[in-house]
*Asks:* 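Next up is a structure, given as structure tokens.
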Amino acid sequence: ARVDYDGTASSLLVEPQSTNLIPYSEDFSNADWTKSGATVESGFVSPDGTENAYKLKEDTSTGTHYVGAIGQVLNDSYSIFAKKGERNWILITSHWSSGSAYRGQFFDLENGIVGTGGASNGSIEDYGNGWYRCSIEANSSPQSLFSVLLATSDGTITYTGNGTSGVSLWGAQNTDSAISSYIPTSGSTVTRVQDQYEKTGISNLINSEEGVLFAEVSSLITTESGSERYMSISNGSTANSIRLGFNGNTNEIYARIFISGTAYTPIINTSTTITDFNKLAVKWKVDDFALWINGVESATITTSGNIFGSGDLTAINFDRGDGSEKFFGKVKQLQVYKTADIDLAALTS
């Protein structure tokens with residue numbers, strides 16, 4: 001099991017297979033990283049606590065000042081860890097050459113905010129001690145060039161350098177999937193396999209006739225077009241299943257009920273940020289199906305008196321019940337109750 005720790009609490013990390021396509025994710029002195037209007041200097045403390053970060057330092061030329069990984073970068077999800085120095089702003093882009101338009105995003109390393117830009121899903125995450133992980137998903141075809149440019153302000157990358165100013169960098173990544181946790185490399189690309197979890201022999205802990213499925217979870221990304229990510233209670237198929245998770249459309253929490261192959265109207269909630277941790281609960285009982293989110297009943301489902309029979313629900317899955325639409329995200333809590341008579345306002349608050 002892999003654990004994600006945010007400095008306060010731990011959660012189970014559930015991610016798909018992913019490959020970091022940058023062969024030297026931490027060694028910016030390597031020739032795979034081109035420098036223009038800038039140099040790199042080693043010996044700075046990185047987020048992992050060792051002196052393996054580099055400073056990107058501008059020279060005295062007038063123009064742009066950047067480091068770029070050329071040739072190996074093929075996909076459109078990019079990230080790097082950055083810490084302010086004498087400069088507070090950087091631009092991350094998937095397409096850069098002097099004088100060309102950029103497809104990227106500016107980041108403020110002083111205040112930890114996303115600036116202007118042309119990327120989609122630009123995000124910044126605080127890793128402590130001044131370090132931020134800055135991520136983008138380019139909004140058009142990548143051009144085999146992942147660059148980090150120094151900036152004097154939001155939108156300003158062309159200026160005369162002073163020969164000393166810059167920012168610290170560590171942990172560059174370009175993945176063949178949605179933005180994922182960091183995968184270090186040293187001389188070649190590295191693939192992290194998909195996380196898979198299972199627990200068998202627990203059918204006696206699940207009551208098909210009534211109960212509650214509760215989870216405190218967050219999604220890895222806000223939007224994943226065409227995908228639905230579920231955890232479920234089922235009998236190993238989609239015919240009898242209770243699904244709870246995220247819909248592939250923008251920022252949707254999703255709950256679905258299937259009884260003897262009949263699909264009932266799903267509950268969709270779009271008022272909550274799914275990349276935040278949310279406490280979700282779905283309860284089932286004769287004519288009493290409901291989704292609760294963060295202490296509030298979101299919606300109910302009418303099943304016209306239909307309910308699961310004894311033994312119809314036998315397993316907890318990190319998918320929709322049959323192995324498809326696997327759940328990817330972070331999980332702080334996952335519980336199942338044999339009764340629907342639970343104070344769901346208190347449980348999900």
Side-chain angles (χ1 to χ4, degrees), residues 11-12 14 197-199 201-219 228-247 251-274 276-322 325-327 329-349:
S11 58
L12 186 70
V14 190
Y197 304 99
E198 65 178 30
K199 183 70 175 76
I202 59 173
S203 59
N204 64 316
L205 303 177
I206 301 172
N207 182 5
S208 298
E209 286 86 355
E210 66 172 276
V212 171
L213 172 63
F214 165 75
E216 184 178 3
V217 294
S218 70
S219 176
E228 297 176 4
R229 300 298 180 191
Y230 293 119
M231 53 182 59
S232 67
I233 297 182
S234 76
N235 64 351
S237 72
T238 58
N240 290 301
S241 62
I242 299 169
R243 308 179 191 175
L244 183 62
F246 310 115
N247 189 289
N251 201 48
E252 292 184 348
I253 292 173
Y254 215 58
R256 300 205 71 179
I257 305 289
F258 289 76
I259 301 176
S260 299
T262 299
Y264 293 90
T265 302
I267 296 173
I268 301 173
N269 183 287
T270 60
S271 61
T272 306
T273 301
I274 63 175
D276 293 338
F277 274 100
N278 294 287
K279 292 185 177 181
L280 315 176
V282 58
K283 70 171 178 177
W284 65 96
K285 195 175 182 179
V286 175
D287 289 330
D288 189 11
F289 287 77
L291 171 67
W292 284 71
I293 302 175
N294 300 328
V296 178
E297 187 177 74
S298 175
T300 60
I301 298 176
T302 300
T303 60
S304 303
N306 294 318
I307 190 61
F308 301 104
S310 177
D312 282 347
L313 303 178
T314 58
I316 298 175
N317 309 95
F318 276 50
D319 54 52
R320 70 181 185 182
D322 65 350
E325 297 174 349
K326 296 180 182 296
F327 178 88
K330 298 177 182 180
V331 186
K332 283 187 177 179
Q333 299 186 72
L334 176 60
Q335 302 169 18
V336 60
Y337 295 85
K338 280 188 169 183
T339 175
D341 297 326
I342 299 292
D343 186 346
L344 295 181
L347 180 65
T348 61
S349 294

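Source: prediction; values computed, not measured. The first residue of the sequence shown is numbered 1, and numbering continues consecutively from there.
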*Asks:* Taking only residues at least two apart or on different chains, which pairs with a member in residues 330-348 satisfy salt bridge (charged side-chain N to carboxylate O under 4.0 Å, His left out)?
*Replies:*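 Output for this query lists D4-K330, K285-D341.
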*Asks:* Is the side chain of R243 donor-acceptor paired with the backbone N or O of A255 at a distance under 3.5 Å, no angle test?
*Replies:*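 Judged by distance alone, no pair lies under 3.5 Å.
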*Asks:* Listed by chain and number, what are the side-chain hydrogen bond (donor to acceptor under 3.5 Å, both in side chains) partners of S11, not counting sequence neighbours?
*Replies:*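 Partners of S11 under the side-chain hydrogen bond (donor to acceptor under 3.5 Å, both in side chains) test: none.
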*Asks:* With sequence neighbours excluded, tell me which residues meet side chain to side chain contact (heavy atoms under 4.5 Å, CB included) with T265.
*Replies:*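 Not a single residue meets the side chain to side chain contact (heavy atoms under 4.5 Å, CB included) criterion with T265.
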*Asks:* Under a 3.5 Å distance rule, please check whether W292 uses its side chain to pair with a backbone N or O of S349 as donor and acceptor.
*Replies:*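 Checking the backbone N and O of S349 against the side chain of W292, no donor-acceptor pair under 3.5 Å is found.
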*Asks:* Provide the full list of salt bridge (charged side-chain N to carboxylate O under 4.0 Å, His left out) pairs with a residue in residues 293-320, sequence neighbours left out, each pair given once.
*Replies:* R320-D322, R320-E325
*Asks:* Sequence neighbours excluded, which residues qualify as side chain to side chain contact (heavy atoms under 4.5 Å, CB included) partners of S203?
*Replies:* T314
*Asks:* I need the T262 OG1 to F258 CZ distance, nearest 0.5 Å.
*Replies:* 9.5 Å
*Asks:* Going by side-chain hydrogen bond (donor to acceptor under 3.5 Å, both in side chains), name the residues that satisfy it together with Y197, two or more places apart in sequence or in a different chain.
*Replies:* none
*Asks:* Could you check whether any side-chain N or O of E252 sits under 3.5 Å from a backbone N or O of I268, counting only pairs where one atom can act as donor and the other as acceptor?
*Replies:* no
*Asks:* Run the side-chain hydrogen bond (donor to acceptor under 3.5 Å, both in side chains) test against S232 and tell me which residues pass, sequence neighbours left out.
*Replies:* none
*Asks:* Apply salt bridge (charged side-chain N to carboxylate O under 4.0 Å, His left out) to D287 and list each qualifying residue two or more places apart in sequence or on a separate chain.
*Replies:* none
*Asks:* Return yes if some donor-acceptor pair links the side-chain N/O of N240 with the main-chain N/O of S260 below 3.5 Å, else return no.
*Replies:* yes
*Asks:* State which residues pass side chain to side chain contact (heavy atoms under 4.5 Å, CB included) with I206; sequence neighbours excluded, sorted by chain then number.
*Replies:*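 Side chain to side chain contact (heavy atoms under 4.5 Å, CB included) check on I206 returns I233, L313, I316.
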*Asks:* Excluding sequence neighbours, so at least two apart, what forms side-chain hydrogen bond (donor to acceptor under 3.5 Å, both in side chains) with Y254?
*Replies:*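 Applying side-chain hydrogen bond (donor to acceptor under 3.5 Å, both in side chains) to Y254 gives none.
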*Asks:* Name all residues meeting the side chain to side chain contact (heavy atoms under 4.5 Å, CB included) criterion together with E209; count only those two or more places apart in sequence or in a different chain, and write none if there are none.
*Replies:* N207, S310
*Asks:* Verify, without hydrogens or angle tests, whether D276 (side chain) and S218 (backbone) share a donor-acceptor contact under 3.5 angstrom.
*Replies:*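 No.
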